[in-house]
2 protein chains.
Amino acid sequence: MTYYSRKLNDVFQALADPTRRAVLQRLSEGAASTLELARPFEMALPSFTRHLKMLEKFGLVKSKKSGRVRTYELAPKRLQAVEDWILERRKLWERRLDQLDAYLLTMKEDDHGQ
Amino acid sequence: MTYYSRKLNDVFQALADPTRRAVLQRLSEGAASTLELARPFEMALPSFTRHLKMLEKFGLVKSKKSGRVRTYELAPKRLQAVEDWILERRKLWERRLDQLDAYLLTMKEDDHGQ
DNA sequence: CTAACACTTAGGCTTTGCGCTAAGTGTTTG
DNA sequence: CAAACACTTAGCGCAAAGCCTAAGTGTTAG
């Protein structure tokens with residue numbers, strides 16, 4: 001577990017924006033073109049495509065251009081890093097809380113009547 | 001599942017910084033004071049305490065000041081939101097990949113000899 | 001009661017994030 | 001081949017992130 005993980009920084013950063021999360025959600029229902037993806041958003045197109053570029057740069061989606069249409073789909077591998085991190089953290093977390101429980105129990109047993 | 005979730009934005013944002021992730025890791029081993037937490041980092045103290053404030057503001061840690069020492073500990077509840085989001089996304093993801101598998105199989109069956 | 005300690009507040013500086021408009025590129029379609 | 005289409009590039013503006021130093025504030029030890 002390194003202090004600095006570029007990959008984790010990037011993926012969390014990518015997920016910190018609601019537009020990008022919504023795009024991932026949409027793509028989980030199937031591939032789509034740039035304009036299809038952009039339609040629900042009120043944003044100007046260049047602003048929107050920056051989000052798509054960011055998602056691709058950080059490995060969360062991939063795209064392919066055919067003719068004048070660019071089609072995007074998910075690249076789920078990268079989300080695994082985040083999931084791993086969370087689950088690992090949660091294990092430590094819960095172990096710690098268990099220890100706290102145990103400690104409080106000890107206190108209680110040692111603590112006769114006051 | 002709403003398009004805009006302040007809570008998710010905030011938590012992902014909080015986790016996007018390596019210093020803050022390291023603090024969470026350290027705290028998963030037990031509570032600690034501001035200076036104890038700060039020691040491993042080369043950052044100036046005011047810079048570091050801003051990270052702590054952010055973690056607290058977003059509900060990932062909590063603190064209590066007693067005398068001149070402020071002690072921090074984890075507040076694990078909030079991480080659940082992130083975990084939920086990830087796992088939900090993953091379910092959709094995998095269903096989608098399964099569909100793709102099925103589709104490719106269909107193709108293969110329809111595709112006799114070319 | 002003074003000095004050290006453990007932060008905390010204030011303010012400044014630079015970089016990055018996220019939005020915009022305007023103009024450009026390459027691909028179809030009539 | 002001209003016009004419509006689907007992006008793409010360039011460049012600007014503003015706000016927030018993340019770092020710093022300097023100067024507080026309140027607490028405790030000698």
Side-chain angles (χ1 to χ4, degrees), chain A residues 3-27 30-73 82, chain B residues 3-27 30-73 82:
Chain A
Y3 160 56
Y4 183 88
S5 161
R6 194 58 162 57
K7 193 161 50 172
L8 275 178
N9 291 353
D10 289 350
V11 178
F12 278 125
Q13 185 61 48
L15 296 177
D17 183 276
T19 301
R20 291 190 293 263
R21 286 201 308 278
V23 166
L24 291 178
Q25 164 127 4
R26 167 62 188 79
L27 287 181
S33 72
T34 303
L35 286 184
E36 276 167 25
L37 290 171
R39 196 164 304 130
F41 301 95
E42 285 172 7
M43 207 171 293
L45 191 60
S47 310
F48 184 75
T49 56
R50 282 176 70 89
H51 287 302
L52 294 178
K53 283 214 181 84
M54 188 168 170
L55 286 172
E56 185 158 31
K57 182 176 162 201
F58 294 164
L60 289 162
V61 306
K62 51 189 178 177
S63 77
K64 209 165 52 176
K65 194 159 190 177
S66 122
R68 62 190 175 185
V69 176
R70 182 176 292 279
T71 302
Y72 283 88
E73 60 178 318
V82 179
Chain B
Y3 161 56
Y4 184 87
S5 162
R6 193 60 161 55
K7 193 161 49 169
L8 275 178
N9 290 353
D10 289 350
V11 178
F12 278 125
Q13 186 61 48
L15 296 177
D17 183 274
T19 301
R20 292 190 294 263
R21 285 200 310 278
V23 166
L24 292 177
Q25 162 127 3
R26 166 64 188 79
L27 286 180
S33 72
T34 303
L35 286 184
E36 275 166 26
L37 291 172
R39 197 164 303 130
F41 300 94
E42 285 172 7
M43 207 171 291
L45 192 60
S47 310
F48 184 75
T49 57
R50 282 177 69 89
H51 286 301
L52 293 178
K53 284 214 180 84
M54 188 167 170
L55 286 172
E56 184 158 30
K57 182 177 163 202
F58 294 163
L60 289 162
V61 307
K62 51 189 177 176
S63 77
K64 208 164 54 175
K65 193 159 190 177
S66 124
R68 61 190 177 185
V69 176
R70 182 175 292 278
T71 303
Y72 284 88
E73 59 178 319
V82 179

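Remember, predicted model here, so these are calculated numbers, not experimental data. Residue numbering restarts at 1 for every chain, and letters A, B, ... go by the order of the sequence lines.
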Q. Which pairs pass side chain to side chain donor-acceptor pair (under 3.5 Å) with one or both residues in residues 42-51 of chain B, sequence neighbours excluded?
A.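 Found B:Arg20-B:His51.
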[atom1] of [X] versus [atom2] of [N]: gap in Å, rounded?
| X | N | atom1 | atom2 | result |
| --- | --- | --- | --- | --- |
| A:Leu37 | D:dC7 | CG | C1' | 13 Å |
| B:Leu52 | D:dA17 | CG | P | 16 Å |
| B:Lys53 | C:dA10 | NZ | C1' | 12 Å |
| B:Arg39 | C:dA6 | CZ | C1' | 12 Å |
| B:Glu56 | C:dC7 | CD | P | 13 Å |
| B:Phe41 | D:dC20 | CZ | C1' | 18 Å |

Heavy atoms only: give me the nearest [X]-[Y] pair and the separation to one decimal.
| X | Y | answer |
| --- | --- | --- |
| B:Thr34 | B:Tyr72 | OG1-CE1, 3.5 Å |
| A:Leu45 | A:Ala38 | CD1-CB, 3.9 Å |
| B:Asn9 | A:Asp17 | OD1-C, 4.3 Å |
| A:Ser33 | A:Val69 | CB-CG1, 3.7 Å |
| B:Ala32 | B:Arg26 | CB-NH2, 3.5 Å |
| A:Phe41 | A:Val23 | CE1-CG2, 4.4 Å |

Q) For B:Thr49, which contact category applies under a 4.0 Å heavy-atom criterion: base, sugar-phosphate, or nothing? A)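 The residue B:Thr49 makes no contact with any strand.
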Q: Could you run through nucleotides 16-23 of chain C and give me one letter per nucleotide, 5' to 3': B if any protein heavy atom sits under 4.0 Å from the base, S if only the sugar-phosphate is that close, - if neither?
A: --BSBBB-
Q. Could you write nucleotides 25-30 of chain C as a row of B, S and -, 5' to 3', where a protein heavy atom under 4.0 Å of any base atom gives B, of only sugar-phosphate atoms gives S, and otherwise -?
A. -BBS--
Q. Given side chains that start at C-beta, do those of A:Lys57 and A:Asp10 come closer than 4.5 Å, heavy atoms only?
A.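 No, too far: nothing below the 4.5 Å cut-off.
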Q. How long is the gap from CG on A:Leu55 to OG1 on A:Thr19, to the nearest 0.5 Å?
A.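 Reported value, rounded in 0.5 Å steps: 10.0 Å.
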Q | Under-4.0 Å side-chain N/O to phosphate OP1/OP2 contact, B:Lys65 with C:dA6 | A |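 It does not, given that no N or O in the side chain of B:Lys65 lies less than 4.0 Å from OP1 or OP2 of C:dA6.
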(Q) Please determine whether a side-chain nitrogen or oxygen atom of A:Ser33 lies at a distance below 4.0 Å from atom OP1 or OP2 of D:dA6. (A)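 False: A:Ser33 side-chain N/O out of range (4.0 Å or more) of D:dA6 OP1/OP2.
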**Q.** Difference in axis direction between the ends of the helix from C:dC1-D:dG30 to C:dG30-D:dC1, five pairs, 10°
**A.**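 The end-segment axes of the helix from C:dC1-D:dG30 to C:dG30-D:dC1 are tilted 20° relative to each other.
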Taking only distance into account, with no hydrogens and no angle test, what donor-acceptor pairs under 3.5 Å do side-chain atoms of residues 58-68 of chain A form with protein atoms, sequence neighbours excluded?
{"from": "A:Ser63", "atom 1": "OG", "to": "A:Glu56", "atom 2": "OE1", "distance (Å)": "3.0"}
{"from": "A:Ser63", "atom 1": "OG", "to": "A:Glu56", "atom 2": "OE2", "distance (Å)": "3.0"}
{"from": "A:Ser63", "atom 1": "OG", "to": "A:Arg70", "atom 2": "NH1", "distance (Å)": "2.8"}

Q | Under the side chain to side chain contact (heavy atoms under 4.5 Å, CB included) test, residues paired with B:Lys53 that sit two or more places apart | A |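 None.
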